[in-house]
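The structure appears right after this line, and notes come after that.
Here the structure is a predicted model, which means the values were calculated and not measured. Quick note: numbers below take in every heavy atom, side chains included, and nothing from hydrogens, waters or symmetry partners.
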Amino acid sequence: MTWKFYDFDELTAAELYEMLKLRVDVFVVEQNCPYPELDGLDQKSIHLAYKEDGRILAYARLVPGELKYGVPSIGRVIVSPDARGRGLARELMNKSIGFIFNEWQPEAIRLQGQVYLKEFYQSFGFDPISDVYDEDGIPHVDMKLDKEGQSEQLKVD
């Protein structure tokens, strides 16, 4: 049972395949949402994965600020269907936020959240900064966590 941060060049072909398969299995197949999963951001992002018994069960992509919004962002937040309900999503977000604030030291972090997860992201201090909009057939909202607004209860590793 391990959490690990990877630069793209550190990923083995098998690890990259497993990460992409998990993303496609959930975001494209489970959510019945055909969209361009490979968007050119993976090569310059940090990939956080939780492995158990050799399988990736949780994953997030941490995108540097210069690539998308002007501030770093967290995306492709995912927990394998058979590992849900164990607190991995909360731990994944804590580790993602902690890495970004500790390593990149930005003023804020952004994300595009599916609307049904808005309260989950708010529990980390993210605030909506857009109206609800359709992204590939799924309602989304843009959210932002300011460094000053970071929750006092947030545990960053």
Side-chain angles (χ1 to χ4, degrees), residues 1-69 71-104 106 108-126 135-145 150-151 154-157:
M1 300 185 288
T2 60
W3 289 95
K4 186 171 178 185
F5 293 93
Y6 300 86
D7 285 319
F8 185 80
D9 293 338
E10 295 175 318
L11 294 169
T12 66
E15 288 167 332
L16 178 60
Y17 177 87
E18 190 175 0
M19 289 172 182
L20 294 175
K21 183 174 183 333
L22 179 59
R23 286 168 29 178
V24 168
D25 285 351
V26 172
F27 295 130
V28 177
V29 178
E30 179 183 324
Q31 295 183 354
N32 192 26
C33 180
Y35 76 102
E37 171 56 30
L38 300 178
D39 59 5
L41 296 176
D42 288 313
Q43 297 90 324
K44 294 187 179 173
S45 296
I46 297 295
H47 304 269
L48 171 58
Y50 172 75
K51 284 186 180 182
E52 193 173 281
D53 298 324
R55 285 186 53 231
I56 293 175
L57 298 182
Y59 169 87
R61 180 174 74 177
L62 313 181
V63 181
E66 67 273 9
L67 295 182
K68 198 166 181 181
Y69 299 113
V71 297
S73 62
I74 301 171
R76 305 300 199 261
V77 176
I78 190 169
V79 174
S80 178
D82 60 340
R84 292 178 186 157
R86 295 174 37 191
L88 292 176
R90 183 155 296 282
E91 196 169 350
L92 179 67
M93 285 300 297
N94 279 333
K95 289 185 180 301
S96 297
I97 293 166
F99 177 91
I100 290 172
F101 278 133
N102 291 326
E103 298 296 320
W104 295 340
I109 300 172
R110 287 199 40 188
L111 59 79
Q112 284 180 288
Q114 293 183 10
V115 170
Y116 84 96
L117 291 169
K118 182 175 142 186
E119 289 179 10
F120 172 72
Y121 293 125
Q122 285 177 312
S123 74
F124 296 95
F126 282 89
E135 177 86 11
D136 301 312
I138 297 176
H140 280 72
V141 63
D142 292 339
M143 302 185 81
K144 183 177 175 186
L145 172 62
Q150 189 178 1
S151 171
L154 180 65
K155 178 179 175 262
V156 290
D157 298 323

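The CG atom of L111 sits 5.5 Å away from the CE atom of M93 when rounded to the nearest 0.5 Å. Between the CG atom in L57 and the CG atom in L22 there is a gap of 8.5 Å [rounded to 0.5 Å]. For the atom pair CD (Q112) and NE2 (H140), the distance works out to 6.0 Å, reported to the nearest 0.5 Å. Note that the CZ atom of F99 and the CD1 atom of I109 stand 11.0 Å from one another [nearest 0.5 Å]. To the nearest 0.5 Å, the span separating CH2 on W3 from CD on E91 amounts to 5.0 Å. For the atom pair CD1 (I74) and OG (S45), the distance works out to 12.0 Å, reported to the nearest 0.5 Å.
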Evaluate side chain to side chain contact (heavy atoms under 4.5 Å, CB included) for Y17 paired with K21, printing each intermediate quantity in order.
-> CA-CA 6 Å; Y17 177 87; K21 183 174 183 333; 4.0 Å; yes

Derivation and outcome, side chain to side chain contact (heavy atoms under 4.5 Å, CB included), residues R110 and L145:
CA-CA 6 Å; R110 287 199 40 188; L145 172 62; over 6 Å; no

Could you check D82 against R55 for salt bridge (charged side-chain N to carboxylate O under 4.0 Å, His left out), going step by step and ending with a plain yes or no?
-> CA-CA 11 Å; D82 60 340; R55 285 186 53 231; 3.1 Å; yes

Salt bridge (charged side-chain N to carboxylate O under 4.0 Å, His left out), that's the test. Do K4 and E52 meet it? Break it down for me. CA-CA 11 Å; K4 186 171 178 185; E52 193 173 281; over 6 Å; no

task = Test D39 against R76 for salt bridge (charged side-chain N to carboxylate O under 4.0 Å, His left out), laying out the working first.
result = CA-CA 12 Å; D39 59 5; R76 305 300 199 261; 3.2 Å; yes

Handout entry: Test log, rule side chain to side chain contact (heavy atoms under 4.5 Å, CB included), inputs I46 and I100
Key = CA-CA 10 Å; I46 297 295; I100 290 172; over 6 Å; no

Practice item. Please report the C-alpha distance between Y35 and I138 in whole Å, then the side-chain angles of each, then the deciding distance to 0.1 Å, and finally whether the side chain to side chain contact (heavy atoms under 4.5 Å, CB included) criterion is met. Key: CA-CA 11 Å; Y35 76 102; I138 297 176; over 6 Å; no

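The shortest distance between side-chain heavy atoms of L48 and Y6 does not fall below 4.5 Å. Contact check for Y50 versus T2: no side-chain heavy atoms found under the 4.5 Å cut-off. Between P106 and P72, some side-chain heavy-atom pair lies under the 4.5 Å cut-off. Two residues are said to be in side-chain contact when any heavy atoms from C-beta on lie closer than 4.5 Å; W104 and P64 meet this criterion. Taking the side chain as every heavy atom from C-beta outward, K44 and F8 never approach each other to under 4.5 Å. I97 has its side chain within reach of F126: a pair of non-hydrogen atoms, C-beta onward, lies under 4.5 Å apart. No side-chain heavy atom of L41 sits less than 4.5 Å from a side-chain heavy atom of Q43.
Looking only at distances, no side-chain donor or acceptor of Q31 sits under 3.5 Å from a matching main-chain atom of V28. Panel note: side chain R84, backbone V79; a donor-acceptor pair is recorded below 3.5 Å. E18 places a side-chain N or O within donor-acceptor distance of the main-chain N or O of I56, the cut-off being under 3.5 Å. Between the side chain of S80 and the backbone N or O of A83, no donor-acceptor pair lies under 3.5 Å. With hydrogens and angles disregarded, a donor-acceptor distance shorter than 3.5 Å links the side chain of H47 to the backbone of D42.
Side-chain contact, Q114 with E135: no donor N or O sits under 3.5 Å from an acceptor N or O. For the 3.5 Å distance criterion, the side chains of S123 and R90 qualify, holding a donor opposite an acceptor.
Within 6.0 Å of NZ on K68 lie more than 12 heavy atoms contributed by other residues, nucleotides or ligands. Atom CD of E119 has 12 or fewer heavy atoms from other residues, nucleotides or ligands within 6.0 Å.
Proximity of the aromatic rings of F124 and F120 is defined here by a centroid distance below 6.0 angstrom, and this criterion is met.
For E10, there are no salt bridge (charged side-chain N to carboxylate O under 4.0 Å, His left out) partners two or more places apart in sequence or in a different chain.
Closest heavy-atom contact between V71 and A108: CB-O, 3.5 Å.
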